[in-house]
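As the structure lists them, so they are numbered: ligands from 1, and atoms in each ligand from 1. Predicted model, so just to flag it, every value in this text is computed and none were measured.
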Amino acid sequence: MDIDSKTPESATSVTEGVTENKDADSISKTMEQLDIGEPSSCFKRKPVIVIVVGMAGSGKTTFLHRLVSHTMSSKIRGYVMNLDPAVMTLPYGANIDIRDTVRYKEVMKEYNLGPNGGILTSLNLFATKFDEVIGLVERRADELDYVLVDTPGQIEIFTWSASGAIITEAFASTFPTVIAYVVDTPRSSSPATFMSNMLYACSILYKTRLPLVLVFNKTDVAQHDFALEWMKDFEVFHAALDSDHSYTSTLTRSLSLALEEFYENLKTVGVSAVTGAGMDAFFKTVEASAEEYMETYKTDLDKRRAEKHRLEEERRKENMDKLLKDMEKSRGETVVLSTGLKDKKDDKSKMECDENEEDEEEEDDYEIFSENGDDDDVIDEDEDEEIASFRF
Ligand SMILES: Nc1nc2c(ncn2[C@@H]2O[C@H](COP(=O)(O)OP(=O)(O)OP(=O)(O)O)[C@@H](O)[C@H]2O)c(=O)[nH]1
Ligand SMILES: [Mg+2]
């Protein structure tokens with residue numbers, strides 16, 4: 001499965017979908033092998049990665065289209081990535097499109113999955129190759145200001161899946177990374193919907209630990225001033241809830257108090273993906289967030305990595321000490337290794353092969369294998385076990 005990278009102009013065609021990892025087990029194995037825990041030795045300040053997330057229909061794709069147009073007209077150097085395998089048509093040309101690598105419908109058929117399972121598995125398959133994507137961006141880093149990333153409509157598929165976490169961390173460990181959380185402003189005008197949206201945004205901040213910009217979209221339909229007021233002054237928010245005395249309303253009131261600190265550190269911007277209003281303000285906010293990333297988040301990320309590295313090192317040392325102690329105890333003693341009959345032939349030839357090689361190297365270090373203690377040449381096929389003994 002190779003990752004296709006294209007110029008935006010040529011990016012509208014979809015090539016044959018390839019899903020080489022046919023076995024679901026191999027997906028999880030490859031995921032484990034994907035190493036994103038190590039500190040990146042070549043962290044770059046540019047490009048800034050902007051991951052666009054938001055509830056289904058909030059306008060992510062339209063917003064991305066608008067961002068692409070804006071970058072082109074303002075001579076900002078952008079690179080566009082689509083991570084939504086289920087989108088039918090894209091209004092912008094993506095440089096990297098998940099649909100060129102994984103065919104969502106075929107994945108659904110092959111693994112017998114529903115639509116959400118299909119999107120998740122497609123993303124998993126793509127995540128296994130994400131080091132290649134990072135490599136592509138790294139090679140172009142000097143020519144780029146921003147990498148704009150569109151995500152699947154079902155927000156939780158990206159924000160709560162292992163592959164979403166892998167992709168986000170892979171970006172964040174190589175470049176300054178900012179999350180743009182798109183809010184459907186007209187649909188958030190009721191306090192309860194607004195609260196659920198804010199709780200989701202908060203959970204994303206909590207999970208990714210990356211700078212988050214709240215993008216109030218569709219301001220051509222409804223201005224976002226009410227939201228800013230609700231965030232600034234909880235009494236105004238409570239007043240909006242006054243007529244409602246249900247349990248949800250009481251809970252919403254309490255939650256608004258709990259979210260005060262979240263609101264305080266949050267950057268917001270009002271935009272309209274349709275009219276193009278607020279684009280300059282958005283890029284300014286992203287720049288400020290990238291600065292914040294370098295000052296706060298990067299340091300935190302490095303600290304977390306260093307701590308993880310230290311713990312791993314400690315555990316490795318502990319295990320090594322244990323092993324050395326065990327070896328001291330068993331020095332000079334003989335242990336018995338037994339294997340099943342089905343491995344007998346292969347093991348025998350492997351042992352002989354190993355023996356020859358080791359004989360050539362250092363004969364004094366250890367003495368090796370004497371099968372069944374005496375007769376090396378005879379192989380008894382009826383035996384249940386073969387026994388080899390060796391000495392430390
Ligand atoms: N009036 C108005 N409509 C918008 C705006 N942005 C998006 N829309 C409309 O909102 C609908 C959803 O837009 P999309 O861009 O597909 O939203 P999305 O978040 O990518 O959707 P999914 O990927 O399916 O979750 C479309 O009908 C858009 O035309 C906006 O700024 N103003
Ligand atoms: Mg979309």
Please determine if [X] and [Y] form a salt bridge, counting it only when a charged side-chain N lies under 4.0 Å from a carboxylate O.
X      : Y      : result
Lys60  : Asp150 : no
Lys267 : Glu291 : no
Glu307 : Arg310 : yes

Checking a contact table here: which protein heavy atom is nearest [atom], and how many Å away?
atom                    : answer
atom 18 (P) of ligand 1 : Lys60 N, 3.4 Å
atom 15 (O) of ligand 1 : Thr62 OG1, 2.4 Å
atom 12 (C) of ligand 1 : Gly57 O, 3.6 Å
atom 8 (N) of ligand 1  : Lys218 CE, 3.6 Å
atom 31 (O) of ligand 1 : Ala273 N, 2.8 Å
atom 1 (N) of ligand 1  : Asp220 OD2, 3.0 Å
atom 3 (N) of ligand 1  : Val274 CG2, 3.7 Å
atom 6 (N) of ligand 1  : Asn217 ND2, 3.2 Å

[X] [atom1] to [Y] [atom2] distance, which is reported to the nearest 0.5 Å:
X      : Y      : atom1 : atom2 : answer
Met198 : Leu214 : CE    : CG    : 4.5 Å
Thr296 : Leu210 : OG1   : CG    : 11.5 Å
Leu64  : Tyr92  : CG    : OH    : 4.5 Å

- prompt: Ser272: heavy atom below 4.0 Å from ligand 1, yes or no?
  reply: yes

message: Taking ring pair (Phe, Tyr, Trp, His ring centres under 6.0 Å) as the definition, give me every residue that meets it alongside Phe262, ordered by chain and number, with sequence neighbours left out.
response: none

task: Would you confirm whether any non-hydrogen atom of the protein falls under 4.0 Å from atom 26 (C) of ligand 1?
output: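 There is no protein heavy atom less than 4.0 Å from atom 26 (C) of ligand 1.
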
query: Quick one: is the NZ or CZ of Lys109 closer than 6.0 Å to the six-membered ring centre of Tyr104, and within 45° of its axis?
result: no

task: Within a distance under 4.0 Å of any heavy atom of Gly153, pick out the atoms of ligand 1 and give their elements.
output: 22 (P), 23 (O), 25 (O)

- request: Run the numbers for me: atoms of ligand 1, each under 4.0 Å from some heavy atom of Ala56, listed by number.
  value: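 Result: 25 (O).
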
task: Specify whether Phe216 and Phe194 have parallel, tilted or perpendicular ring planes, treating 30° as the upper limit for parallel and 60° as the lower limit for perpendicular.
output: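 Ring orientation, 0 to 90° scale: parallel.
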
message: Is the distance between the ring centroids of Phe283 and His70 under 6.0 Å?
response: yes

task: For residues Phe234 and Tyr263, establish whether the separation of their ring centroids is below 6.0 Å.
output: no

field: Residue-atom pairs from the protein, N, O or S only, that lie under 2.8 Å from the Mg ion (ligand 2)
entry: Thr61 OG1

query: Do the non-hydrogen side-chain atoms of Met81 and Asn95 ever get within less than 4.5 Å of each other?
result: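 Not touching, per the 4.5 Å side-chain cut-off.
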
query: Is Val221 touching ligand 1 with its side chain, its backbone, both, or neither, if touching means heavy atoms under 4.0 Å apart?
result: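 The answer is the side chain.
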
message: Tell me whether the count of non-hydrogen atoms from other residues, nucleotides or ligands lying under 6.0 Å of CZ in Arg253 goes above 12.
response: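 Above 12, so yes.
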
- prompt: Would you say Pro152 has any N or O atom under 3.5 Å from an N or O of ligand 1, going by distance alone?
  reply: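 There is no such contact.
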
